[in-house]
Amino acid sequence: MFQKIPKIDKKGLREFGLMTGVFIALLFGLLLPLLWGHNLPLIPWVIAGSLVILSLFIPQSLAPIYQGWMRVAQVLAWVNNRLILGIIFFIIVTPMALIMKIIKRDPLTRQFEFRLETYRVSSKIKNKLSMEKPY
């Protein structure tokens with residue numbers, strides 16, 4: 001179901017610790033308390049400082065934290081792929097298909113026609129000017 005989490009080197013662990021520490025400090029230690037009108041809490045700053053210090057001096061010690069975080073990320077990815085995309089499918093694609101069925105619109109032109117020799121649609125020949133800006 002879930003993939004094995006690959007090992008990460010010192011540089012990757014250092015980047016993980018620094019980014020996570022800065023993120024925790026800015027979001028939970030500064031931004032959210034200011035938005036909600038609270039005093040600045042100490043715990044996010046302690047956690048962020050610990051992560052930054054560990055990432056600078058002993059990045060290998062962050063390996064279990066990184067492994068745990070990646071497991072959480074795998075679970076969130078699984079939820080995103082199944083649940084959220086399924087909901088989007090049933091909210092957007094299904095009603096669109098039903099409406100197209102009601103108005104009898106078939107963009108793939110899938111009806112069977114006996115008189116046709118082939119269903120192949122010839123492509124239009126384009127001039128060189130159209131290829132200068134293809135997008």
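Taking the side chain as every heavy atom from C-beta outward, Glu113 and Leu116 approach each other to under 4.5 Å. The side-chain heavy atoms of Ser55 and Met19, taken from C-beta on, include no pair separated by under 4.5 Å. Under the 4.5 Å side-chain criterion, counting only non-hydrogen atoms from C-beta, Leu51 is not in contact with Val22. Proximity of Leu31 to Leu35: side-chain heavy atoms (C-beta onward) are separated by under 4.5 Å at one or more points.
Relative ring orientation between Phe28 and Phe23 is described as perpendicular, the plane-to-plane angle rising above 60° on a 0-90° scale split at 30° and 60°.
To the nearest 0.5 angstrom, Leu30 atom CG is 5.0 Å from Leu34 atom CG. The distance from the CE atom of Met96 to the CG atom of Leu98 is 10.5 Å, given to the nearest 0.5 Å.
Cluster annotation: Leu62 and Leu18 are assigned to the same hydrophobic cluster (Ile/Leu/Val/Met/Phe/Trp/Tyr, side-chain heavy-atom contacts under 4.5 Å, transitive).
Of the charged side-chain nitrogens involved, none lies within less than 4.0 Å of a carboxylate oxygen, so that Lys128 and Glu132 do not count as a salt-bridged pair.
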Decide yes or no on side chain to side chain contact (heavy atoms under 4.5 Å, CB included) for Ile53 and Ile58, but give the supporting numbers first.
CA-CA 8 Å; Ile53 289 171; Ile58 323 168; over 6 Å; no
Apply the test side chain to side chain contact (heavy atoms under 4.5 Å, CB included) to residues Phe16 and Ile65: give CA-CA distance (whole Å), side-chain angles for both, the deciding distance (0.1 Å), then the verdict.
CA-CA 10 Å; Phe16 168 74; Ile65 298 170; 4.0 Å; yes
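Within a 6.0 Å sphere centred on CZ of Phe114, other residues, nucleotides and ligands contribute 12 heavy atoms or fewer. Within a 6.0 Å radius of CD in Glu117, other residues, nucleotides and ligands contribute 12 heavy atoms or fewer.
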